[in-house]
Amino acid sequence: MAQVLLVVSREDPSLLERFVKEFEAVEAVTVIADRRQGERRRGSLGDGAERRRSDRRQRAWADSRLRHEGWALSDALSPADHPTPSIAAALPAGDPRKITELLEAIQMLSRELDLTRLLQLIMDKASRLLNADRASLFVVDEERHELWSKIAQGLETREIRVPIGQGIAGGVAAGGKRVNIADAYADTRFNPEVDRRTGYRTRSILCAPVRDAGGRVVAVLQLLNRLDGKPFDAEDERLLDAFAGQIAIALRNAQQMEQIEQRRRTSELLLDVMKAFSSELSVDQLLRRIMERTSAVLQADRSTLFLVDRRTRQIWSKVAQGDKLAEIRVPIGRGIAGTVAATGETINIADAYADPRFNQDVDRRTGYRTRTILCAPVRDAAGEIVGVSQVLNKAGGPFTKDDESLLAALSAQAFIALDNARLFESVVTMKNYNESILSCMATGVMTLDRDGTVTSVNPAFRRIFAIPEEAPVGFGVRDLLDVKHNEAFVVRLDACARVGEAHTEYELKYAISTEESVNLNVSVVPLLDSKRQPLGVVVVAEDITQEQRLMSTLCRYVTREIAEEVMKQKGKIKLGGVRAPVSILFSDIRNFTAISERHEPEKIVEFLNDYFAAMVHEIFAQQGTLDKFMGDGIMAVFGAPINRPDDPVRAVRAARGMRRSLREFNARQRAKGGVEVDIGIGISHGESISGNIGSEQRMEYTVIGDPVNLASRLEGLTKNHPYKILINDRIYEQVKDVFPCVLIGEERVKGKAELVHVYGVPDPA
């Protein structure tokens, strides 16, 4: 950061008042010393510690007074290794005009944030301050390694570009040293071509670098021809050096403001593009719109969006803007676009015909002339290259780094829009596919949204519920179904749809009229979006009028899963079973014998009924099969008669649900002064025989095998461990990524020769 020392005379109240006002606009000021105070102290104090103590006492007072009262400052100390030129050294002691001009320049520079106006202001103020005929401020363009000036004072050219290192200004930018030339035409670095072209006569030149806080040259200020005809002198050099420090600060602020404004315009532009892209769902039309908008945004003559075809190892464009080809295909790795598709790197070419990768055949065939090319990859969310964006011939010159960033942002938006369009087409295709399937199903299907409005009904549902063909969807479920004779059922469907609740009813008697009814099994399943938020429900109805009586009887003795298996096999039921991997769950109440001895049998039966209802609910919620009750114990099977790939996960989830329901059950018992209990649960997985065991006259569906015994032994081990759910290693391998598990160790269980690895599963929160 440049340091500027302002010299103010206390005898000039107006100048002091101006200094106080201008002081507020300075970015940072540090008062180091007041030489006159030091001289006064040295006149009254001796050398040594006393003077140093006085200096420390007076320093804060002097600074405070300077800050609050505009106290005169006549000298400053700068770090020895980074000397900073001061304005005080550049001005005659009694020249208030120069001080006033400098203050006005500082004030105006600090307030101007428009870069174009700031450049003109700097040149105007520099000319006036140093009494020069003309001034030019060249800003460093690091990307192109050039100096540029948007406004050259006194010339018609609106922009001048000079390579760094070339000419006087370029040399100052490269070397970082001030140049003072008394006779321009006698200096070999001076280019008189501009004078000959404009008729201007350059005599003397003063050129100085403008450095930022890090010492980096960010601009060059050049002044021509003092108005009095004399060459620039040492005082002009010092004044220009001091003024350059203020230029760096103002230039940095204006450039930052321009960057902020550019980002704002870019954001608005991307938002507008995103809106344009999102409004189109046809892939073909969207490709055309993407290329049109990309060309307009980047001020390019043409643009093409290539998509990657992994199967053929090619990139293709269905529409190439500007020529008549219906489709272009390029092998990945060939040409500019193919190279980008292969490497994933952006390519920016200032001269297409000078690049060996450019294929000139298309230009020769179409008569088009390609000059500049910008080509960037299009990536999906996983970072995989799915396409290539290519733009040609930017108006006004080569593509810039900002164009590369903007094309990358446009490509990202284009991919999102294209992905959405493809997804929409896929959804439409799937919708038509599903509707074709539903129309052929014998099971009735109806969907409801969150307002209870019917969105679809298949023909089987209309037949089962006697809904007329002409009855349209789009009305409430209360309007479509017979709520007069089936109020409880219809109200339940409406409630499930509004809250996204699952519901199942077996053996439902639905009244078609006062004289006719059907027996149904009805399942209500929530519909969820990608974030697991409810969208409504789907209602599946099965007409079981003919089988209802038999099923009703069987369900009184066995679980519904077994009853359904019996109904499926009908007269084919035989003794024996099948070998299959299953997960076995055993649970038991701790100290149930002691509890039974303390309470009456009626209380125990009531207690067990409530307890079993809660536990079986959790087993059935995970689609497990209740094998049997064994006194106070429960045996459940996951994997028979219906096998699922996640049976171990379902078994552990059911166990955790049982522990959660147990807490609620004990809370209810505690509230009414009943019995509170604890349970242990053991789960194992392995090959078992599941099927019908017994005799031809009396058979029972059950599971037999080593996993059954192991689950029972694991349940018994819960008495000795803090974890009340214990599993074997085969269960652990299936659920370790789903539930937290803790290795208990190796245990010897009855009936097993080898030690068993036992894991504990914590209770749910």
Side-chain angles (χ1 to χ4, degrees), residues 577 579-596 608 611-612 615-616 618-619 622 624-640 643 647-659 661-662 677-691 693 700-736 738-764:
R579 178 181 293 274
V582 295
S583 296
I584 307 296
L585 180 150
F586 262 91
S587 75
D588 194 42
I589 298 176
R590 299 276 81 88
N591 301 320
F592 182 72
T593 302
I595 295 173
S596 300
L608 283 178
Y611 165 76
F612 283 145
M615 298 301 105
V616 171
E618 299 297 335
I619 294 171
Q622 299 304 320
T625 299
L626 177 63
D627 188 280
K628 60 176 67 72
F629 295 119
M630 301 166 292
D632 60 312
I634 298 174
M635 175 181 169
V637 182
F638 295 82
N643 178 270
D647 283 325
V649 175
R650 291 174 180 270
V652 175
R653 189 178 291 126
R656 286 165 59 88
M658 292 168 68
R659 292 290 299 176
S661 293
L662 182 67
V677 296
D678 194 11
I679 64 173
I681 301 175
I683 308 174
S684 69
H685 186 81
E687 294 280 343
S688 299
I689 300 296
S690 57
I693 308 298
E700 180 182 33
Y701 188 90
T702 188
V703 178
I704 296 175
D706 184 63
V708 179
N709 300 326
L710 180 55
S712 178
R713 300 294 184 264
L714 291 174
E715 181 275 321
L717 290 177
T718 60
K719 300 174 183 178
N720 306 322
H721 295 286
Y723 295 100
K724 299 306 177 185
I725 302 175
L726 298 182
I727 61 177
N728 71 336
D729 51 354
R730 295 193 62 181
I731 290 286
Y732 168 76
E733 291 298 329
Q734 298 291 324
V735 305
K736 62 182 179 181
V738 182
F739 306 105
C741 300
V742 178
L743 177 62
I744 301 298
E746 294 182 333
E747 296 279 357
R748 185 174 300 280
V749 300
K750 185 178 179 181
K752 298 284 289 184
E754 299 178 354
L755 295 177
V756 176
H757 288 83
V758 179
Y759 295 83
V761 179
D763 285 353

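When a residue number appears, it is its place in the shown sequence, counting from 1.
Side-chain contact between Asp763 and Arg656: absent, with no pair of heavy atoms (C-beta onward) separated by less than 4.5 Å. Counting heavy atoms from C-beta outward, Ile683 and Ile681 have side chains that approach closer than 4.5 Å. Side-chain contact between Val758 and Leu743 is absent, with no heavy atoms from C-beta onward closer than 4.5 Å. Using a 4.5 Å heavy-atom threshold, the side chains of His685 and Pro581 count as touching. At a threshold of 4.5 Å between non-hydrogen side-chain atoms, the residues Thr593 and Asp632 do not count as touching. Side-chain atoms of Ile584 and Val703, non-hydrogen and from C-beta on, do get closer than 4.5 Å to each other. Side-chain contact between Pro648 and Phe638: absent, with no pair of heavy atoms (C-beta onward) separated by less than 4.5 Å. The shortest distance between side-chain heavy atoms of Leu710 and Glu715 does not fall below 4.5 Å.
Between Arg659 and Asp678 there is a salt bridge, since a side-chain N of the basic residue sits under 4.0 Å from a carboxylate O of the acidic one.
Note that OG of Ser583 and CZ of Arg650 are 11.0 Å apart. Values are rounded to the nearest 0.5 Å. The distance from atom OH of Tyr723 to atom CG of Leu717, rounded to the nearest 0.5 Å, is 15.5 Å. The distance from the CD1 atom of Ile634 to the CD atom of Glu618 is 11.0 Å, given to the nearest 0.5 Å. Interatomic distance, CZ of Phe612 versus CD1 of Ile619, reported as 10.0 Å (0.5 Å rounding). To the nearest 0.5 Å, atoms CE (Met635) and CG (Asp627) are separated by 4.0 Å. To the nearest 0.5 Å, atom CG of residue Asp647 and atom CG of residue Leu585 are 12.0 Å apart.
Nearest approach of Cys741 to Ile727, heavy atoms of both residues: SG-CD1, 4.2 Å. Annotation for Phe586 and Ser712: closest pair CD1-N, 3.6 Å, computed over non-hydrogen atoms. Nearest heavy atom pair, residue Arg730 against residue Glu687, reads NH1-N, 4.2 Å. In this structure, Gly705 and Ser688 approach most closely via the heavy-atom pair CA-OG, 4.2 Å. Contact between Tyr611 and Leu662 at its shortest, heavy atoms only, is CE1-CD1, 4.2 Å. Contact between Thr625 and Ala640 at its shortest, heavy atoms only, is OG1-O, 2.8 Å.
With hydrogens and angles disregarded, no donor-acceptor distance shorter than 3.5 Å links the side chain of Asn591 to the backbone of Ala594.
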Applying side-chain contact (heavy atoms from CB on, under 4.5 Å) to His721 and Glu747, what does each step give before you reach the verdict?
CA-CA 12 Å; His721 295 286; Glu747 296 279 357; 3.1 Å; yes

side-chain contact (heavy atoms from CB on, under 4.5 Å) evaluation trace for Met615 with Ile679: CA-CA 11 Å; Met615 298 301 105; Ile679 64 173; 4.2 Å; yes

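A side-chain donor-acceptor contact under 3.5 Å links Arg590 and Thr718.
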